[in-house]
*Asks:* 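What follows is a single structure, and I will ask about it in a moment.
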Amino acid sequence: MAAPRAPALYSPELLALAVELADYPYDPAAIACGTARSRSCGSVIDLSSTHTGQLETIGLKVTACAVGQASAAIFAREARGMDTAAIERTLQSLTEWLEGEAPSALLPRLTLLEPARPHRGRHEAILLPWRAALDALSKPRDPR
């Protein structure tokens, strides 16, 4: 009897999330801009927001694999209105989820990234949008 096959890493549903990124255009003139880069895979996410205390009108420029793009799409839909503390809590929960210590129910659609959990090389890409958000909120520009 053959062992059950693991779910495909790049499922059609995961790949479809990348299309959603077009709904979140990056604004380099926004009041809050941040960047996160993965040292393990080279993925980069630039994030813009029109608010300094919490994320509003999120914009993204994503240079990442399909897993990173899918994570950014999930982030963009779920992070609107979050402040630094909420982003830090979610980032911690995501880290615990990646280590197998938390359920995927912590964010809607996170189950689409479930096949990436055994691939430690993809973990950084999954966490990048949250890290870019922390970077953006930590250094807002003067709104002139």
*Asks:* Filter on ring-ring contact (aromatic ring centres under 6.0 Å, His included), then keep only pairs touching residues 76-100, sequence neighbours left out; what's left?
*Replies:* none
*Asks:* Applying salt bridge (charged side-chain N to carboxylate O under 4.0 Å, His left out), which residue pairs with at least one partner in residues 64-74 are found, sequence neighbours left out?
*Replies:* none
*Asks:* Shared ILVMFWY cluster between Leu47 and Leu134, side chains joined below 4.5 angstrom?
*Replies:* yes
*Asks:* Asp135 and Thr35: side chain to side chain donor-acceptor pair (under 3.5 Å), yes or no, with the steps?
*Replies:* CA-CA 6 Å; Asp135 186 48; Thr35 300; 4.8 Å; no
*Asks:* If you measure from CG on Leu106 to CD on Gln92, what distance do you get to the nearest 0.5 Å?
*Replies:* 11.0 Å
*Asks:* Would you give the length of the straight line joining atom OG of Ser49 to atom CG of Leu137, rounded to the nearest 0.5 angstrom?
*Replies:* 6.5 Å
*Asks:* Is it true that, when you exclude Arg109 itself, more than 12 heavy atoms of the residues, nucleotides or ligands shown sit nearer than 6.0 Å to its CZ?
*Replies:* yes
*Asks:* Between atom CD1 of Ile58 and atom OG of Ser48, what is the distance when rounded to the nearest 0.5 Å?
*Replies:* 9.0 Å
*Asks:* Apply side chain to side chain contact (heavy atoms under 4.5 Å, CB included) to Leu127 and list each qualifying residue two or more places apart in sequence or on a separate chain.
*Replies:* Leu91, Leu94, Thr95, Leu98, Arg131
*Asks:* Which pairs with one or both residues in residues 55-77 pass side chain to side chain donor-acceptor pair (under 3.5 Å), sequence neighbours excluded?
*Replies:* Thr50-Thr57, Gln54-Glu56, Glu56-Arg80
*Asks:* Run the numbers on Leu21 and Val19 for side chain to side chain contact (heavy atoms under 4.5 Å, CB included), then give the verdict.
*Replies:* CA-CA 5 Å; Leu21 293 175; Val19 175; over 6 Å; no
*Asks:* Using the ring-ring contact (aromatic ring centres under 6.0 Å, His included) rule, collect all pairs that involve residues 27-60, keeping only residues at least two apart or in two chains.
*Replies:* none
*Asks:* Applying salt bridge (charged side-chain N to carboxylate O under 4.0 Å, His left out) as the test, list every pair that has at least one member in residues 95-105; sequence neighbours left out.
*Replies:* Glu99-Arg120
*Asks:* Only counting residues at least two apart or in another chain, list the ones meeting side chain to side chain contact (heavy atoms under 4.5 Å, CB included) with Ala116.
*Replies:* Leu9, Val67, Arg122, Ile126
*Asks:* Kindly indicate whether the side chain of Pro108, heavy atoms from C-beta on, has any atom under 4.5 Å from the side chain of Glu78.
*Replies:* yes
*Asks:* Please collect all ring-ring contact (aromatic ring centres under 6.0 Å, His included) contacts where either partner lies in residues 71-92, sequence neighbours excluded, each pair once.
*Replies:* Phe75-Trp130
*Asks:* Could you list the donor-acceptor pairs under 3.5 angstrom formed by side chains in residues 82-89, with sequence neighbours left out?
*Replies:*
residue	atom	partner	partner atom	Å
Asp83	OD1	Ala85	N	3.3
Asp83	OD1	Ala86	N	2.9

*Asks:* Hey, what do you get for CG (Leu112) to CG (Leu107), rounding to the nearest 0.5 Å?
*Replies:* 11.5 Å
*Asks:* How long is the span from the CG atom in Leu60 to the CG atom in Leu128, to the nearest 0.5 Å?
*Replies:* 11.0 Å
*Asks:* Taking side-chain hydrogen bond (donor to acceptor under 3.5 Å, both in side chains) as the definition, give me every residue that meets it alongside Arg117, ordered by chain and number, with sequence neighbours left out.
*Replies:* Glu114
*Asks:* Strictly by salt bridge (charged side-chain N to carboxylate O under 4.0 Å, His left out), give each pair with a member in residues 62-75 just once, sequence neighbours left out.
*Replies:* none
*Asks:* Going by side-chain hydrogen bond (donor to acceptor under 3.5 Å, both in side chains), name the residues that satisfy it together with Ser38, two or more places apart in sequence or in a different chain.
*Replies:* Ser40
*Asks:* Supply the atom-to-atom distance Ile74 CD1 to Thr111 OG1, rounded to the nearest 0.5 angstrom.
*Replies:* 8.0 Å
